[in-house]
Amino acid sequence: MSKAAVRAHTNIALIKYWGKADEELFLPMNSSLSLTLNGLYTDTFVEISDAFTEDQFRLNGQLQSEKETAKISHFLDLFRKEANRNEFIHVDSVNHVPTAAGLASSASAFAALAGALNMAMGLNMDLQTLSTFARRGSGSATRSLFGGFVEWQKGSSSKDSMAIPVDDADWDIGMVIVAVNKSAKKISSRLGMKQTVETSPFYPAWVESAEKDLVAIKKAIQVQDFEKLGQITEHSAMKMHGSMMGAATPIIYFEPDSIKAIQAVRELREQGILCYVTMDAGPNVKVLCRLSEAEKIKEKLTAYFSTEQLLISGPGKGIRSLTPEEAAEYDWSLT
Ligand code: ADP
Ligand code: DP6
């Protein structure tokens, strides 16, 4: 029997990943770049035993349906194949992030699961190689193996489509998350991006501009030019949403409160507070800001949102194993 428990933080893309070149291998159409957050994370425990008679998947204390478990089994198979093992595996995971609400639960989820399997199976893959496995669970999970600013280089094959750490973001930067709506979204990112690739006439323009934005944002990070970083971030998000709105059945993740948050951020900028919005496949708005100004921004946003809807997060670190004490808080025994 072998066990491991690993924590992974979510990441929010500043240059978005939107669209797959290969759906089975999760190869993206464009490279992307994100900031890992310390406030939102997943803890995942895996146990491997030849006494088990099936794979099991528990999420937030609930045993999951056959369909959800089959999705996880498909991912477990990649590791079983790599390790040349065939035992069944029990996965117990807790999200400290709303699930499927556009707050990147799938990113921290598959990064944590990949990390736990790497340990429990004694594979000892380095993080870059491990990121090519995490990618097969959910594209955005590729970037959650590392902390700070992380690039997912699209690469040209399954072996080299991987995450590369860019900068540990150990400077004055953070996010205020506006949880407009924490319920599960109706159109998954997976389906949303597929429809965009297949039917939006704006999609080729998205791919072209994402590659240019990536070069520009890496320069801004290198010289810690926050204003440039923010401008590129906001523009990338809006271009992604523009490409989705051009899909044959337009995809709109915005809700009235999303627009309210965007307008509030514009007002803050007019008042001289530099902050910028980004949005993923859901109505929630993330405000990129100076961490030192995050409290002030949160305070201003309370004119429109309740304090429960507002969360401040600084940059997060890469995956790590839980201490036996941390694991024991979930009733997971690592011995
Ligand atoms: P999000 O915006 O939260 O990333 P997605 O629709 O991209 O939403 O992904 C949500 C899906 O990820 C869930 O439906 C579930 O299948 C999977 N998922 C979420 N949390 C976990 C977890 N802790 N372990 C394994 N899979 C998870
Ligand atoms: C808008 O990684 O959730 O958040 O690869 O199909 O699992 P799959 O999609 P997912 O998509 C993330 C899309 C995004 C942008 C991003 O995180 O880069």
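In listed order, ligands and their atoms are each counted from 1. What you are looking at is a predicted structure, and each value in this text was computed from that prediction instead of being measured.
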Looking at [X], which atoms of ligand 1 are within less than 4.0 Å of one of its heavy atoms?
X	answer
Thr42	23 (N)
Ser189	7 (O)
Lys71	16 (O)
Asn95	19 (C), 20 (N), 21 (C), 22 (C), 23 (N)
Ala109	20 (N), 21 (C), 22 (C), 23 (N), 24 (N), 25 (C), 26 (N), 27 (C)
Phe57	24 (N), 25 (C), 26 (N)

Do you know which two heavy atoms are closest between Arg135 and Ser161, and how far apart they sit?
-> NH1-O, 2.9 Å

Would you kindly say whether [X] and [Y] are connected by a side-chain donor-acceptor distance under 3.5 Å?
X	Y	answer
Asn86	Arg80	no
Gln153	Asp160	no
Asp213	Ser236	no
Gln64	Lys71	no

Thr44-ligand 1 polar pair, N/O distance under 3.5 Å |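 Among all N and O atoms of Thr44, none is under 3.5 Å from an N or O of ligand 1.
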
Can you check whether Ser106 has an N/O within less than 3.5 Å of an N/O in ligand 1?
-> yes

Report the relative orientation of the aromatic rings in His96 and Tyr41; use parallel for angles under 30°, tilted for 30 to 60°, perpendicular for over 60°.
-> parallel

According to the interplanar angle, ranging from 0 to 90°, do the rings of Phe52 and His90 count as parallel (below 30°), tilted (30 to 60°) or perpendicular (above 60°)?
-> parallel

Does NZ belonging to Lys20 count more than 12 external heavy atoms closer than 6.0 Å?
->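 Atom NZ in Lys20 is packed in, count exceeds 12.
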
Asp126, CG: over 12 other non-hydrogen atoms inside 6.0 angstrom | yes

Which bit of [X] is near ligand 1, meaning a heavy atom under 4.0 Å away: side chain, backbone, both or neither?
X	value
Val97	neither
Ser93	side chain
Glu68	side chain

Less than 4.0 Å between a side-chain N and a carboxylate O, is that true for Arg269 and Glu234?
->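 The answer is yes: the pair qualifies as a salt bridge.
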
Would you say [X] touches ligand 1, if touching means a heavy atom closer than 4.0 Å?
X	result
Leu113	no
Ile72	yes
Ser138	no

Spacing of CD1 belonging to Ile232 relative to NZ belonging to Lys239, to within rounding of 0.5 Å = 9.0 Å

Would you please write out the protein residues whose heavy atoms approach any atom of ligand 2 to under 4.0 angstrom, listed by chain and number?
->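 Only Ala13, Lys16, Tyr17, Trp18, Lys20, Phe26, Ser106, Ser138, Gly139, Ser140, Arg143, Ser189, Arg190, Met193, Met240, Asp280, Ala281 have heavy atoms that fall under 4.0 Å of ligand 2, ordered by chain and number.
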
Evaluate salt bridge (charged side-chain N to carboxylate O under 4.0 Å, His left out) for Glu299 paired with Lys296, printing each intermediate quantity in order.
-> CA-CA 5 Å; Glu299 178 67 34; Lys296 191 163 56 181; over 6 Å; no

List the steps and the verdict of salt bridge (charged side-chain N to carboxylate O under 4.0 Å, His left out) for Glu227 and Arg290.
-> CA-CA 10 Å; Glu227 190 170 2; Arg290 294 288 195 187; over 6 Å; no

